[in-house]
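What follows is a short report on a single structure.
Indexing begins at 1, ligand by ligand and atom by atom, following the structure's order. What you see below is based on every heavy atom in this structure, not just the backbone, and it leaves out hydrogens, waters and symmetry mates.
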Amino acid sequence: MITIQEIIDIIKEDRPNADVAIIKQAYEFAAMAHAGQKRLSGDDYIQHPLATAKKLVQLKMDVPTIAAGLLHDVPEETDYTLEDIKKQFGKEITKLVEGITKIGTLKYRGVERYAENLRKMFLAMSDDIRTIIIKFADRLHNLETLEYNRPDKRRRIALETLEIYAPLANRLGMGEIKGQLEDLSFVYAYPKEYEWVQTSSKNRLKVEKKYIEKIKKTLQKEMLENEIPFVSIHGRIKHIYSLYKKLLDKDKDINKIYDLIAIRVITQNVADCYKVLGLIHRQWVPLKGRIKDYIAQPKPNGYQSIHTTVFAERGKIVEFQIRDQEMHELAEFGVAAHWHYAEIKTKKLSKEKTIWLNQLMDIQKKVADNIEYLSNIKLDVFQSRIFVFTPKGDVIDLPENATPVDFAYHIHTDIGDKCIGAIVNENMVSLSSELKSGDVVEILINKSRKNPNQDWLNFVKTNLAREKIKYSLKKSSDYKSRKL
Ligand code: MN
């Protein structure tokens, strides 16, 4: 059981001056709102917001984000509304909670071609990166307690995590969160494959753990003797899902994987990283072509570390990763300029999309510079686009202020030409009303209608709709004049 005191204690540890009163207040409000509710696990519901908040504290998120984490399920799951939250907690926290509630309405329908759209929309709808990070924390706890769900629901949530959440975390440079999301989902999404990786790595892991422990001790002793201070030396075990993917690349042969356990050395500064490298190479023979200095030459995504692979005792191959504290935090948790990299390299991108990515890269750089406090970082790049749904859940990407007529023509010319009305979020609206991200739009048509209305040209926002309306009007007037 997690308590609010536990959470406050962790915050106080590294931020003694943090204003925790608001966090207590958010807890009390959430506990009152969820009173009597239970999770499927049988726990009191409040354990879920508490678990979410605890993860946010561990990520060193700011106070409003932690408070929003405690309140995140109130509007969806209780009788209290966003208005109630606003009265007590003000605009900033309410906006964060609202963002999470909006994302909650997105449903994964297992159609691959929409996965990318959904990811984009996910970003667009949370115009504050902190919203996504709360969503990650929320999802992590849901995955941890997924066993209490029905099997079909388990699988859906696991697949959704692998296809939407994990790639997003990866793109935001949150390596550790990505690894956790994948590992927790893997067993439910692909149980047989999970079983296979488990069995094939189990013995090697057992042997290797002991061995790595010895190597670690040797290095530790050397470092003390040479008076090189360090933050930590630890064996990092490869995440099981990423091991699975690597195995698929390596003929499914576990013996071809050299970094099942790598030794990670975290130093206090850059100069010490090189001292450690020297020490390691004096102690063991490095493998040719396996020394990578990503400190002097960071990966294009900003990743920094020195990697080297050596023949250690008894000729065994061991990989070392050396970096300082700051580089380490960035690689694990940073909303680093990371995620666009693979895409830029592998896909030809339209100019528009490249600009979009560059802007995002800029934003992420700023975030990386100020990793502890992500406040006020907005994804402005998305503000000129909106993403709306068809009643079936397909995503349509439109410019800001687009109308139901624009939407109709984006679906099909015939739907546009024959449209007579629109239902947005279950309410009848005028054809000229402006759509917002997240709207579910249904177009009413009259099959016998022949032509679009000329007046539509006064309010449509997309060229596509404008051109199609003109074309249909011209076609019908040509037809009429021929008849005359
Ligand atoms: Mn939740």
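Shown here for V429 and P404, the closest heavy-atom pair between the two residues is CG2-CG, 4.3 Å.
When distances to the Mn ion (ligand 1) are checked against a cut-off of 2.8 Å, E76 contributes no N, O or S atom below that limit. Taking 2.8 Å as the threshold, D138 counts as a candidate ligand of the Mn ion (ligand 1), since one of its N, O or S atoms lies below it. Because the distance cut-off is set at 2.8 Å, H141 fails to qualify as a neighbour of the Mn ion (ligand 1), as none of its N, O or S atoms comes that close.
In terms of the side-chain contact (heavy atoms from CB on, under 4.5 Å) criterion, residue partners of K24 (sequence neighbours excluded) are, by chain and number, I8. The side-chain hydrogen bond (donor to acceptor under 3.5 Å, both in side chains) search around E6 returns K54, not counting sequence neighbours.
When the Mn ion (ligand 1) is compared with the N/O/S atoms of D73, atom OD2 turns out nearest. Note on H48: its N/O/S atom closest to the Mn ion (ligand 1) is NE2.
Only one option out of H328, R323, Q321, K292 pairs with S305 in a side-chain hydrogen bond (donor to acceptor under 3.5 Å, both in side chains); it is R323.
Geometric assessment of R139 against the ring of Y165 yields a positive cation-pi assignment under the 6.0 Å and 45° thresholds.
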